[in-house]
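Below is one structure; the comments refer to it alone.
These numbers come from a predicted model, not from an experiment. Atoms within a ligand are numbered from 1 in the order they appear, just like the ligands themselves. Along the sequence shown, residues carry numbers from 1.
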Amino acid sequence: MENTTRTRLEIIPLTKYIGAEIRGVDLREKPDAATLRAIYQAWLDHLVVVFRGQELSQEDLVRATSYFGELGDIDRPEKHHPKGFARMLPGIMLISNIRENGEPIGALPDGEMMFHHDMIHREVPSRATMLYSVEIPSSGGDTLFASGYAAYDTLDPQIRSRLEGKRAFHHYNYGSTQKGDGRGTEAFSEASHPVFRTHDETGRKAVYVNRLMTVRVEGMEEHESDRLLQAVFDHAEKPEFVYTHVWRTGDVLLWDNRCSSHARTDFPSTERRLLMRTTLKGSLRPQ
Ligand code: SIN
């Protein structure tokens, strides 16, 4: 236990580099200022915080998101919204494999998903993502979180110096879960950002490229860019830098997209999975 406040807040680290469970908080009620500061600091320190056993309405989820910053928009054109989005409050994205008339009602419906940083393909990516689980399959569909700080700090110095100061180009087809799977909707946004991002609040550097969305290092031969990116991805996804979240219904996770990436494991297509996702608006272009 690292910390205790008036509401008997408990912060329990989950791995050496990433993830902490926060106990003693019912997100339906706004925590007092001291508790909120402690949660925020835990989030900066641990990159992903987990609140178990929450019972949130859509209104509660939107309010809980706003404790930590400004609610982000659903950043995809309305014509590409799955049917279930219309049942959500503005700012809530439905993630689900449940089908009606053969069509998934939510985004990112099926199976395994490669590591990525949410909205890295935008000029100003989301600062954070909150995800609340409503229906969970009996196995699989775990979400893996990798610390970009740990990956940066331990990266082979030769690879690091080759990439220091460089920018990478990112592209994403909405809905695709594996690079080049030919699924999803053609991207309407692409962006380039530093390969190593300096966190605007902690000042620490983190790996800021990922297997799903990063296409190439700018100003570099394709062959060398591919070789270096592959080495960085393999390093950044090492199990020692990763927290694996095994979902239960009622979990709320808040993760920092500036310094962590995440992925999803496969799960049975015969079982239902439904989560509600919100984001916090970013205010800065990555530096
Ligand atoms: C996401 O990448 O935002 C979705 C993660 C998940 O479905 O577990």
Side-chain angles (χ1 to χ4, degrees), residues 14 18-19 47-52 54 61 65 71-76 80-82 84-85 88 91-99 104-122 125-146 148 170 172-179 181 183-185 187 189 208-214 233 236-237 242-269 271-282:
L14 296 168
I18 185 164
L47 297 68
V48 184
V49 287
V50 176
F51 305 86
R52 298 272 195 188
Q54 304 293 315
L61 179 61
T65 309
L71 181 73
D73 304 320
I74 303 276
D75 206 358
R76 68 161 80 183
H80 299 308
H81 285 192
F85 280 23
M88 298 286 113
I92 301 184
M93 175 189 272
L94 188 63
I95 295 187
S96 184
N97 66 341
I98 297 170
R99 282 164 162 82
I105 60 168
L108 307 174
D110 304 314
E112 188 178 349
M113 196 168 183
M114 285 177 173
F115 274 93
H116 60 283
H117 301 75
D118 287 337
M119 309 310 286
I120 199 171
H121 47 93
R122 286 303 233 178
S126 308
R127 191 157 68 88
T129 303
M130 188 176 268
L131 194 57
Y132 171 53
S133 55
V134 180
E135 290 188 65
I136 290 300
S138 58
S139 63
D142 305 338
T143 309
L144 278 54
F145 294 92
H170 310 279
Y172 179 58
N173 287 338
Y174 280 86
S176 81
T177 53
Q178 308 286 310
K179 189 184 265 165
D181 64 4
R183 288 160 62 183
T185 303
S189 75
Y208 198 58
V209 288
N210 64 66
R211 201 180 288 277
L212 180 62
M213 298 174 177
T214 304
F233 301 154
E237 297 172 8
V242 171
Y243 163 62
T244 299
H245 186 72
V246 180
W247 290 93
R248 297 181 210 150
T249 56
D251 289 348
V252 172
L253 268 59
L254 178 70
W255 64 83
D256 192 331
N257 284 308
R258 296 165 290 187
C259 53
S260 70
S261 59
H262 56 282
R264 183 174 73 194
T265 64
D266 201 6
F267 57 96
S269 58
E271 293 190 42
R272 290 160 67 103
R273 189 174 189 272
L274 189 150
L275 303 97
M276 293 187 217
R277 184 179 109 156
T278 54
T279 55
L280 290 181
K281 250 185 199 149

Mutual orientation of the aromatic rings belonging to F85 and H81 [parallel < 30°, tilted 30-60°, perpendicular > 60°]: tilted
Test side-chain hydrogen bond (donor to acceptor under 3.5 Å, both in side chains) applied to N97 - qualifying residues, sequence neighbours left out: none
Residues forming a salt bridge (charged side-chain N to carboxylate O under 4.0 Å, His left out) with R277, sequence neighbours excluded: D118
With sequence neighbours excluded, residues passing salt bridge (charged side-chain N to carboxylate O under 4.0 Å, His left out) with E135: R272
Donor + acceptor pair across side chains of D251, H245 (<3.5 Å): yes
SB check R264 E112 (cutoff 4.0 Å): no
Please tabulate, one line per pair, the protein nitrogen or oxygen atoms found under 3.5 angstrom from a nitrogen or oxygen of ligand 1, with distances to 0.1 Å, or say none if there are no such pairs.
from: ligand 1; atom 1: 2 (O); to: H116; atom 2: NE2; distance (Å): 2.9
from: ligand 1; atom 1: 2 (O); to: H262; atom 2: NE2; distance (Å): 3.1
from: ligand 1; atom 1: 3 (O); to: R277; atom 2: NH1; distance (Å): 2.9
from: ligand 1; atom 1: 7 (O); to: R264; atom 2: NH1; distance (Å): 2.9
from: ligand 1; atom 1: 7 (O); to: R273; atom 2: NH1; distance (Å): 2.9
from: ligand 1; atom 1: 8 (O); to: T143; atom 2: OG1; distance (Å): 2.6
from: ligand 1; atom 1: 8 (O); to: R273; atom 2: NH2; distance (Å): 2.8

